[in-house]
Each structure stands twice: as C-alpha cells, then as structure tokens.
Participant: 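I'd like to ask you about the structure that follows.
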Amino acid sequence: MDIAHLVCPGGALMKARMPARLCSLLREPLVQFLALGVLIFTVDALINPSAPTADRNIEVTGQDLSRIRTAYVQQWGSPPSDAEISALLDTFVRSEILFREGSALGLADGDSVIRNRVIQKMEFLLRDPSAVSEPTEAELVEYLSNHADRFSLPATLRVEQLYFSLSARPESAEADASRALVRLREGSKPTDEGDPLMLPPLSEFQSEQAIAKAYGSSFAQTLFKLDNNDWNGPIRSVTGLHLVRILDRQTERMPALQEIRGQVHDAIMATRMTAQNTAAYERLAANYDVSFSPGVRDGADSAKSAR
Amino acid sequence: MKALFTALAVLTIGILAIPYAANFSAVEATEPPEDVPAPPDDESIVPSNPSKDVYFGELHIHTAYSFDSYIFGNPVGPDGAYRFAKGEPVSLYGGETKQLKNPLDFVAVTDHAEFLGELQLCTTPGSAAFESEMCQQMRANNMSAFSRLAMSVTARKRVEEVCGANGEDCAAIAGDLWTRTRNNANRHYEPGKFTTLVGYEFSQNTPTAQFSDFTNKTRSDVPGMLHRNVIFRSDHVPEKAFSAYDGNGEELHKWLETNCIDDCQVLTIPHNSNYSWGRFFWSDKNSDGSAWTKDILERRARVEPLVEIFQIKGSSECMAGVGLTDEECGFENTVAACPPGEEDACASADSFVRTALVRGLEVERTLGVNPFKYGFVAATDTHNGNPGGTVEDTYNGHLGQQDFSAGKRMGYSQKIGSGGRREKSGKFAYLMFNPGGLTGAWAERNTRGAIWDALNSRETYGTSGTRIRVRFFGSFDYPSDLHRSKDLVEQAYASGVPMGGDLRAAKGSKAPRFVVWAARDPDSAPLQKIQIIKGWVENGINKSRTFDAVCSDGIKPDTRTGLCADNGARADLASCAYQLDKGAGELTTTWSDPTFDPERRAVYYVRVLENPTCRYSTWDALRLGVAPDDKWSPTVKERAWTSPIWYAPAVH
C-alpha cells in the first residue's frame with residue numbers, strides 16, 4: 001500500500017492539493033514505514049486495549065552515569081569534563097525518550113544496533129522542513145521591527161585630518177600639533193605640515209567600530225563624541241596625534257526591508273527550524289517523567305551554574 | 001541477560017549519540033542542492049580606492065564538511081563558519097559560544113576535497129553506505145575511521161565498503177557537497193563588506209605515509225603532508241574538486257589549468273612545508289621523486305603564486321639552527337630538526353620557505369623559470385569552523401574534542417591531586433600548536449575579484465595572528481626620505497613596485513631603495529622593529545641575512561651587524577600585561593641594501609616584530625593555576641611577513 005500514491009497528485013484520494021514537500025516526504029520509504037507502524041499500533045491498541053504503551057518513567061542512575069563515563073574514556077582516552085558530562089546526560093535522556101517512542105511504534109527488538117538506528121531515524125524525523133512555513137510580508141516587517149538592534153546600521157562619519165606621528169617626532173608632536181591647530185582654526189591650510197597618514201584616512205563614511213580597528217577604541221570614541229564641525233584635537237590614536245574636522249555624519253538608522261530582505265528571511269527561517277525541532281522533541285518528552293538518582297546530577301549541575 | 005543488553009545498549013549510545021545529534025544537522029544531507037547565485041559586485045555597487053586598503057582574512061578553515069573535523073566532534077558547518085567570520089556569536093565544540101571582537105573582511109572555507117562523497121553518504125540515512133562499518137565509526141567519532149581514510153588517500157584507492165568497487169559512489173555524490181560549498185559561499189558574500197572565496201583543500205600525503213594505529217615503524221612511515229589550498233576567483237568553478245585520490249600536486253596543477261578556463265580562474269597555496277619532509281622545495285625533482293620538466297615548473301609558477309607561511313601547526317618561514325643563525329627563527333617551530341642525513345619525520349632546510357625563496361633564484365638563473373616565487377599568506381587551519389580565532393588569550397583549540405579546554409591542551413586532567421593541584425593526565429599535550437595567523441591583502445575594494453587579484457599578484461602578507469598593518473615598496477627611483485612624504489603611497493606605486501613585485505634591472509651600481517611602514521594592532525603590543533631579510537646565492541651556496549631597517553625607542557641598528565639592541569620590553573608573566581611605554585605605535589623608514597650587487601639575483605622580504613606578549617600556553621597555565629610547561633617559551637613576539645620583492649639583473 002503506497003500512501004503517497006493515494007494522496008499526492010494523480011492519486012485516487014486526492015481531494016485537497018498536497019504541498020510538494022509533503023508529497024516527497026510521503027514518498028520516503030521511512031515515512032511510509034512509520035505511518036504503517038502507527039496504523040498497526042493503533043489497530044492493535046483498539047483490538048487489545050490493555051497492550052503496553054511506552055514506559056514513561058526514566059530514572060538516570062549512578063550506574064548509567066558510570067557507564068557513560070566509561071564509554072567516553074574508551075572513546076577519547078581521558079575522562080569527560082563536568083560540562084561534557086552535563087551534555088552527555090542530556091543526550092542520554094533524549095536518546096532514551098526517542099528510543100522508547102520508536103519502540104512503541106514497533107521498530108525495535110532490543111538489538112543495540114537497531115536501537116541506534118531507531119534513535120537516528122527519530123532524529124531525522126524530528127527535523128521536518130516541510131513543517132516550517134515561509135514568512136509572509138507582514139511577518140518580515142514585524143520581525144525587523146522587533147529585532148531592530150540586530151539589523152540597525154551604526155552611526156558613521158567622515159573627516160578631514162592632519163596627522164603628527166609620535167614615532168617621527170617623539171618630543172615635538174604635541175607642540176607641533178597644537179600650533180597647527182591654531183592655524184587651522186584661523187582658516188589657513190597648512191598642507192606642508194604634519195606627517196604621512198598611513199592609516200585609512202576616514203574620508204569615506206566609517207562606523208566607530210571600523211575606526212577602532214585601525215586607530216584604537218579611545219580615538220574612535222572621542223571622535224564620535226565631537227559635537228561640532230570645526231577643527232578639533234590633538235586626539236591620540238595608537239600611532240600619533242590627529243587634528244580632525246568632521247565633514248559629514250550619518251546617524252544610526254534602520255535599513256528599509258528591501259535592503260536586507262534576505263537577511264531577515266534567513267533569520268526567521270533559522271529561528272523557525274530550531275523551534276520546530278525543539279517543539280517536536282518536547283512534545284515527546286512531555287509525556288515522560290525523568291528523575292535522577294541522588295548524586296548523579298551534582299557534578300553536572302555545578303558545571304551548568306558555573307557557566 | 002536483559003541487564004547485559006541494556007549495558008551494551010547504553011555503551012553504544014554513549015559512543016554514538018553524543019556527536020551524532022551535534023554534527024548531523026551541520027551536513028544538511030537531504031535533497032540535491034539548487035544553485036544559489038552570487039550577488040552582483042561590479043564597480044557601480046562597490047567603488048574602488050586606487051591607493052588600496054588592507055583587508056584582513058584567512059583562506060584555511062575546516063568545518064563539519066571535512067571528514068576529520070566531523071570525527072573530532074565539530075558541530076559547526078560552513079554556514080556557522082561564515083557567520084563567525086562576520087562577527088556573530090557561534091556555539092563551538094564544548095558548548096561555549098564565542099565571537100570575534102573584530103570581524104574578518106574575507107574568508108575561504110576550505111574543506112577537504114577527498115572525503116566530500118564519503119561524508120555525504122555516511123550522513124544520509126537510507127544511502128547505500130549509511131550502515132557500513134566505516135560510516136558508523138565516523139558517526140561515532142572513532143579515530144580508526146580517520147586512519148583508514150587517510151591510508152586510502154596514500155594508496156589512492158577509496159574505501160570500497162563506502163564508495164563501491166571503483167570509488168564511483170563517492171565520486172558521483174561528491175558533487176552535491178561541492179555544490180553546497182559554492183552555494184554557501186554565494187549565500188554569505190556581501191560585496192564591499194565581506195568577501196567569500198570558493199575553495200577547498202587538496203590533501204595529499206607523502207608517498208610512504210602509514211596511518212595504521214599511529215605506531216610508525218620507520219621514519220619514512222611517519223605521515224608527512226603535501227597539502228595545498230585551491231582558491232577560485234569567482235563562483236565559476238569546475239564540476240568537481242580534484243582531490244588527492246585523483247592525482248598528485250603536479251597533476252592538480254595540470255587539471256586546474258585544463259578545467260578552470262574562460263571565466264574560471266584559480267590559484268593554489270601550499271601549506272605546512274614544515275611537515276613536507278622537504279619534498280615541496282626539493283631543488284631538482286618533484287615531491288614524488290620524479291624529474292622536473294620545464295612544463296611542470298612553468299605551470300607551477302603560473303598557478304601557485306603564494307605559500308601559507310604560518311598556521312596553527314607552526315611556522316614554515318625558517319627554523320633556528322637549520323641552515324641559518326637568525327635567532328628570530330626560533331618561533332613556533334613544531335617539527336624537530338633533522339639529524340644529519342635524514343629528511344623524513346623531521347625538518348631540514350628544505351622544509352622552509354626561506355630556503356625555497358633563495359633556491360628559486362638559482363633555478364631561475366639556470367632554467368629560466370622560478371617555481372618558488374612565493375608571496376605569503378597566513379591562516380589558522382582550524383578544524384572548529386571558527387575563522388580568525390587567533391587571539392592568544394581566547395584560544396579555543398583547533399581540533400574539536402581533542403584540545404578545546406586549557407586542561408586538554410596542557411595535558412591536565414580534571415582531578416585535583418593530593419597537593420591540591422591538578423594532576424597530569426598522561427595524554428598528549430597540544431602545546432606545540434598555536435592559535436594561527438591571518439592574511440592581510442592590499443586591494444582596491446573588498447570584492448572577490450579584487451581580493452583574489454591581490455592574492456594572485458602577491459600584494460599580501462601573513463601575520464602570526466594579530467592585525468599589524470604593513471606596507472613595503474621598492475624602486476631604484478625613490479628619494480632617500482620617501483617615508484616622510486605625505487603622498488608616500490601615490491609616489492611609491494607610481495615609480496616602484498609593492499610587495500610581491502619585481503624590481504627592474506639596475507642601471508649602474510646604485511642600490512634600490514625600499515620604503516617600509518608598519519602600525520601596531522590596537523589590541524596587541526607596540527612594535528619593536530621592522531626587519532628586511534635578504535636572500536641570494538653566492539658561489540653556489542644559499543645565503544640570507546637579516547637587517548633591522550628601523551627600531552623603536554630611538555634605537556639605531558649597529559653599523560657593523562645591521563642589528564638593533566633589544567629594547568628591553570617584557571610581558572608580566574603573572575598577569576600577562578604588556579608594556580606600553582616601550583615600543584612604537586608606528587615605524588617607517590626608507591632603506592637601502594648596503595650589500596647590493598647589480599649582477600646578482602636577490603629576494604627581499606619584510607618581517608615586523610611586536611614587543612613580547614604572553615603565549616596562549618601561559619594564559620592556560622594561569623587559568624589552571626599550574627606552572628607553565630617549560631618546553632615552550634612563555635612569551636612570543638607576534639609578527640608579520642610581507643611577500644617579497646625580487647631583483648634580477650638584465651639578461652646579457
């Protein structure tokens with residue numbers, strides 16, 4: 001019995017249009033196998049109402065912890081850190097839940113290789129791209145406005161400079177710069193003064209972070225605090241003293257959606273895929289009662305709180 | 001019986017499940033990939049700066065698409081790697097979320113071409129190979145899978161249980177991950193802001209490498225590397241990534257020249273010559289021992305303009321005591337010097353770039369072609385998918401599970417011993433490696449074409465991980481005080497050549513002048529000096545000499561030795577604070593070669609040194625509360641190496 005055949009384009013039971021992704025999923029033998037399993041299980045449950053369901057109590061004991069540790073040491077040759085143990089315990093619980101769910105669907109017979117295969121299949125099934133929808137225009141707009149800090153473009157400015165190198169004139173840079181500042185403020189253009197500026201000249205718009213990369217953060221901060229368009233300084237960078245005049249500023253702004261449509265789209269899809277995967281697992285896990293024997297979680301918990 | 005079953009099941013789960021959930025999603029093996037186009041990047045969209053700016057990046061990163069990275073438990077795929085490079089926070093192996101303080105300007109993700117097919121098949125449930133022992137071992141992070149694969153590369157025969165009798169299954173499906181590699185690069189390319197270059201690593205071993213059980217019987221068994229990165233100019237790339245299963249390095253060059261044509265352009269960059277057992281730079285034969293041909297040498301000279309001079313697995317510039325006396329060569333050497341007469345499993349003069357540069361002069365003189373005319377880049381070779389993570393005090397290791405914590409790197413266990421101190425674990429310590437380097441590229445704009453053109457013309461330099469800025473130009477026509485001119489850069493380009501260029505032949509005996517400039521990285525220590533290293537051949541003997549061109553703190557080079565006295569700068573080993581009152585923010589000078597001979601070929605390159613700062617191993621020791629391991633220097637002088645400028649006399 002081929003389910004895909006019945007409900008996908010061309011099939012006898014095709015009443016509604018099936019999305020293509022769902023159809024390709026239905027054609028997957030694994031999916032059909034599982035769907036069949038569910039069918040059998042449901043029928044069985046109806047016929048035998050007292051048939052066992054998955055045992056929903058999981059207790060992680062000291063013995064389990066010890067086995068996890070041993071397996072790790074066998075694999076890597078040295079014991080796991082507290083943070084790694086915490087992650088291993090989480091994975092242990094997750095694997096146990098997935099395995100029990102898969103077993104309840106009739107997929108395992110106790111063989112350890114099959115057990116692993118079941119867990120892998122369930123992981124694969126949890127990731128269901130077809131269950132994640134593309135965002136609408138309204139959703140793109142809303143996401144952008146709710147995450148403004150992530151997408152906003154920083155303030156930028158561009159300047160004119162005169163530079164005095166502390167290496168070229170270690171004793172006189174300060175005095176030379178101050179003298180030149182006076183002349184600049186008077187309106188003269190001392191083009192013959194100063195030293196070659198080999199850092200990016202900042203004649204194009206740059207953000208504070210971009211300027212800090214070459215000039216140092218203290219210079220960049222001071223520059224962005226200037227509130228006039230006159231000659232200022234000397235301001236010190238990692239290489240020397242700068243007289244600067246701001247030519248033009250751009251305030252921090254939010255780009256229009258069409259400028260960054262792709263980025264917003266990708267951000268939403270990434271969030272949705274993660275949420276879908278988490279929700280699918282939690283739906284299963286919600287039916288389980290997980291407890292840890294005393295002492296099993298202690299080291300792991302202290303690692304978590306230390307992070 | 002049931003208890004035994006459960007025990008076995010838990011054991012298997014314990015091994016299998018941990019990495020599987022983490023890595024699996026990184027490889028995204030579902031439907032065949034559709035093409036993602038590259039965004040437009042023409043002149044109207046991204047303007048040019050004719051004086052050029054320096055862009056920082058790197059061209060050597062492994063993600064979960066690389067077989068070995070996958071086995072080491074790395075959960076980061078190419079998508080995560082690009083986002084990390086752009087400055088976004090990414091969760092690395094060990095669960096820690098890290099973020100670059102300063103994003104990179106360009107990056108090439110270079111996963112191993114050899115195993116793209118194997119990785120695809122082993123992570124696709126339902127594929128023919130999924131249940132094979134090799135694939136199960138791979139998903140279980142089992143190192144014997146790694147050994148078997150590495151051996152199969154040496155033998156040039158793919159593992160049959162995964163790839164089929166003639167390797168055809170793997171070859172057929174490798175195209176999927178190769179297309180995804182290209183798509184990932186296109187998806188993250190932001191012209192003018194962040195350049196992604198499509199590339200991969202060609203990972204050939206030395207011909208007699210043995211990987212079984214890592215217990216090698218003789219020197220020639222010890223695996224050496226003949227690895228090269230392949231970097232394309234655009235997303236017009238061949239259908240497949242020619243790998244070490246397909247041929248050796250010389251065959252790679254030939255295949256690329258035949259298959260990357262029209263609007264496809266490519267260059268190759270060898271790395272880890274320190275681990276090549278000398279074979280990359282042999283003076284008269286190819287790396288497999290076969291004889292040179294003019295064809296092979298000329299092709300190499302066309303396709304291979306650069307060498308990766310520094311990375312996590314050590315410096316390949318030079319080694320103290322191996323063919324020279326330059327004491328600054330004792331920097332991040334990871335391979336022991338060869339005993340007399342040996343070349344395998346050790347470092348001889350043949351293993352180092354400086355030797356190759358000088359050797360190339362002689363080959364050019366006698367054969368008319370220089371196959372070792374290398375410009376420099378540096379990179380990490382991280383297998384954690386975190387490009388540019390080169391800062392010493394936040395180093396996260398590079399091999400996933402193997403070295404992600406200070407304890408693992410130093411070989412300490414979690415256990416506190418009877419003295420109240422951490423105990424040694426007896427495991428291999430990773431202290432010989434370092435956080436890796438970066439590439440600086442001088443380009444007119446931050447686009448694929450401009451960055452690749454900078455690489456191809458060698459207008460690049462490598463650093464040991466910090467963002468030192470450095471300019472280097474040479475000419476017979478520069479005035480002696482060019483470094484004081486406000487239009488230095490315009491003049492330098494107009495009447496001379498930048499790093500990577502060739503001086504014209506001398507007219508008369510006047511020596512050329514070189515103008516150098518360097519500025520410190522604001523987040524690292526002040527500069528100590530700028531050096532110029534000259535190489536030449538005299539009476540058939542390779543020679544090199546280091547000159548201190550300009551030093552900090554007003555110190556002048558000694559007229560006889562050409563070297564400066566130490567400026568006395570130190571780093572405090574208890575706090576790792578470095579001095580700001582010694583050293584310079586900026587150094588510059590115009591230098592002339594006092595030993596210039598117009599009839600003799602020569603090669604010149606610049607090395608810039610910072611004041612000493614703590615090595616990451618010292619930071620690790622401080623954090624663990626243990627003494628630093630005395631096998632490694634507690635401090636390093638971070639540095640930059642520029643591509644050389646070459647001189648050749650007129651042909652008579």
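Just so you know, these numbers use all the heavy atoms, side chains as well, and skip hydrogens, waters and symmetry mates. Sequence lines set the chain letters: A, B, ... in the order given, protein chains first and strands last, and positions in each chain run from 1.
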Participant: What part of B/Pro103 lies closer than 4.5 angstrom to a heavy atom of chain A: side chain, backbone, both or neither?
Facilitator: both

Participant: When you look at CD of A/Glu259, are more than 12 heavy atoms from neighbouring residues, nucleotides or ligands closer to it than 6.0 Å?
Facilitator: yes

Participant: Tell me, for A/Ala214 versus chain B, whether the close heavy atoms (under 4.5 Å) come from the side chain, the backbone, both or neither.
Facilitator: both

Participant: Between A/Thr239 and B/Gly585 (side chain of the first, backbone of the second, donor and acceptor by atom type, cut-off under 3.5 Å), is there such a pair?
Facilitator: no

Participant: Should we say atom CZ of B/Arg83 is surrounded by more than 12 heavy atoms from elsewhere, each under 6.0 Å from it?
Facilitator: yes

Participant: Using a 3.5 Å distance criterion without hydrogens, assess whether the side chain of A/Gln209 forms a donor-acceptor pair with backbone atoms of B/Lys101.
Facilitator: yes

Participant: We want to know whether B/Glu586 and A/Ser165 form a side-chain donor-acceptor pair, criterion being a heavy-atom distance below 3.5 angstrom.
Facilitator: yes

Participant: Answer whether the closest heavy-atom distance between the side chains of A/Met198 and B/Arg471 falls below 4.5 Å.
Facilitator: yes

Participant: Let me know if A/Tyr215 has heavy atoms under 4.5 Å from chain B in its side chain, its backbone, both or neither.
Facilitator: backbone

Participant: Do B/Arg469 and A/Leu199 make a side-chain contact, defined as non-hydrogen atoms from C-beta onward lying under 4.5 Å apart?
Facilitator: yes

Participant: Look at the side chain of B/Lys486 and the backbone N and O of A/Glu193, then say whether any donor-acceptor pair between them is shorter than 3.5 Å.
Facilitator: yes

Participant: Counting heavy-atom pairs under 4.5 Å with chain A, which one of B/Pro522, B/Ser485, B/Pro47 comes out on top?
Facilitator: B/Pro522

Participant: Determine whether more than 12 heavy atoms belonging to other residues, nucleotides or ligands lie under 6.0 Å from atom CZ of A/Arg236.
Facilitator: no

Participant: How long is the span from the CG atom in B/Asp53 to the CD atom in A/Glu204, to the nearest 0.5 Å?
Facilitator: 9.0 Å

